[in-house]
Amino acid sequence: QVQLVESGGGLVQAGGSLRLSCAASGRTFSTYTMAWLRQAPGKERELVAAISWTGDSTYYTDSVKGRFTIYRDNAKNTVYLQMGSLKPEDTAVYYCAVHGGGWPPPLYRYDYWGQGTQVTVSS
């Protein structure tokens, strides 16, 4: 079993930035993909960004390209999402997730999920 704990969410003004962190613990996969997904009220959960075990491969949904950066520190079993130039449309609950399979990352179905952290961007 893998436990994922997100942190770093909060309220920020449009144009601001936040860094989300996700720490993994428990019986993790030897190698695994980590990702951030988000869900806003009335919308389906959306894959925002993902990163391979080596960090050589990343994925970003079009709406965040150039604004968000995903990176990981395998020594700390932690993945980060640096979010800049935030927009009100980015308001959502952000979830950290783990995929035990290979690349490319799933768009929705992941093996483990965190509890989520709220990001609210005011206009």
Side-chain angles (χ1 to χ4, degrees):
Q1 298 292 325
V2 175
Q3 294 81 46
L4 303 173
V5 179
E6 303 101 331
S7 62
L11 175 64
V12 64
Q13 295 182 4
S17 62
L18 285 173
R19 189 184 74 166
L20 305 183
S21 300
C22 173
S25 62
R27 300 181 66 180
T28 60
F29 297 98
S30 297
T31 60
Y32 52 90
T33 296
M34 299 190 75
W36 288 96
L37 299 92
R38 66 186 180 187
Q39 188 164 26
K43 296 184 178 180
E44 294 186 350
R45 194 166 295 184
E46 174 191 28
L47 176 63
V48 177
I51 187 166
S52 65
W53 171 253
T54 63
D56 292 339
S57 299
T58 56
Y59 166 88
Y60 299 96
T61 192
D62 286 344
S63 64
V64 308
K65 287 181 179 178
R67 299 191 297 120
F68 291 10
T69 301
I70 187 170
Y71 60 101
R72 66 192 298 167
D73 184 343
N74 288 348
K76 297 181 178 180
N77 291 321
T78 300
V79 65
Y80 305 89
L81 185 67
Q82 181 67 49
M83 305 184 295
S85 300
L86 283 163
K87 304 175 181 179
E89 305 92 271
D90 296 317
T91 296
V93 176
Y94 283 71
Y95 297 90
C96 178
V98 165
H99 175 232
W103 200 259
L107 294 179
Y108 184 79
R109 295 181 179 180
Y110 282 76
D111 297 299
Y112 299 98
W113 296 84
Q115 294 184 0
T117 185
Q118 177 71 46
V119 172
T120 302
V121 183
S122 62
S123 60

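Small disclaimer: the values here were computed from a predicted structure and weren't measured.
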**Prompt:** For the residue pair Tyr80 and Tyr71, does the interplanar ring angle fall in the parallel (under 30°), tilted (30 to 60°) or perpendicular (over 60°) class?
**Reply:** parallel
**Prompt:** Closest heavy-atom contact between Ser85 and Arg67?
**Reply:** O-NH1, 3.0 Å
**Request:** Check the pair Ser63 / Glu46 against side-chain contact (heavy atoms from CB on, under 4.5 Å), numbers first and verdict last.
**Result:** CA-CA 11 Å; Ser63 64; Glu46 174 191 28; 4.1 Å; yes
**Fill in**
What one should report as the nearest heavy-atom pair of Ala14 and Ser123 is CB-CA, 4.3 Å
**Message:** So which atom in Cys96 and which in Met34 form the shortest heavy-atom distance, rounded to 0.1 Å?
**Reply:** SG-CE, 4.0 Å
**Request:** Please answer: with hydrophobic residues joined when any side-chain heavy atoms are less than 4.5 Å apart, are Trp113 and Leu107 in the same cluster?
**Result:** yes
**Complete:** So OG of Ser7 and CZ of Arg19: to nearest 0.5 Å the spacing works out to 8.5 Å
**Request:** Check His99 against Gly102 and note the closest heavy-atom contact, atom names and distance.
**Result:** CE1-O, 3.3 Å
**Prompt:** Would you find more than 12 non-hydrogen atoms of other residues, nucleotides or ligands less than 6.0 Å from Gln115 atom CD?
**Reply:** no
**Item:** Non-hydrogen side-chain atoms of Tyr32 and Asp111 separated by less than 4.5 Å
**Value:** no
**Request:** Measure the spacing between CZ of Arg45 and CZ of Arg38 and express it to the nearest 0.5 Å.
**Result:** 13.0 Å
**Asked** Does Glu6 use its side chain to pair, donor to acceptor, with the backbone of Gly116 at less than 3.5 Å?
**Response** yes
**Request:** Consider only side-chain heavy atoms of I, L, V, M, F, W and Y, link residues closer than 4.5 Å, and tell whether Tyr60 and Val121 are in one cluster.
**Result:** yes
**Request:** Taking the side chain as every heavy atom from C-beta outward, state whether Leu11 and Gln118 have any atom pair closer than 4.5 Å.
**Result:** no
**Asked** Leu4, Tyr94: one ILVMFWY side-chain cluster at the under-4.5 Å cut-off?
**Response** yes
**Message:** Just checking Trp36 against Tyr95, ring centres under 6.0 Å apart?
**Reply:** no
**Request:** Heavy atoms only: give me the nearest Ala49-Leu81 pair and the separation to one decimal.
**Result:** CB-CD1, 4.0 Å
**Message:** Count I, L, V, M, F, W, Y as connected when their side-chain heavy atoms are under 4.5 Å apart, and connections chain through other members. Are Trp53 and Tyr110 then in the same cluster?
**Reply:** no
**Prompt:** Considering only heavy atoms from C-beta outward, does the side chain of Asp90 approach that of Met83 to under 4.5 Å?
**Reply:** no
**Item:** Phe68 vs Leu20, side-chain contact (heavy atoms from CB on, under 4.5 Å): CA-CA, chis, key distance, verdict
**Value:** CA-CA 11 Å; Phe68 291 10; Leu20 305 183; over 6 Å; no
**Request:** Take Trp103 and Thr54 through the test side-chain contact (heavy atoms from CB on, under 4.5 Å) and record every step on the way to the result.
**Result:** CA-CA 11 Å; Trp103 200 259; Thr54 63; over 6 Å; no
**Derivation and outcome, side-chain contact (heavy atoms from CB on, under 4.5 Å), residues Thr61 and Leu47** = CA-CA 7 Å; Thr61 192; Leu47 176 63; over 6 Å; no
**Fill in**
Tightest non-hydrogen contact, residues Ala40 and Ala92, listed as N-CB, 3.9 Å
**Asked** If two hydrophobic side chains count as joined below 4.5 Å and joins carry through other members, does Tyr59 share a cluster with Ile70?
**Response** no
**Request:** Check whether any side-chain N or O of Arg72 sits under 3.5 Å from a backbone N or O of Ser52 as a donor-acceptor pair, and report yes or no.
**Result:** yes
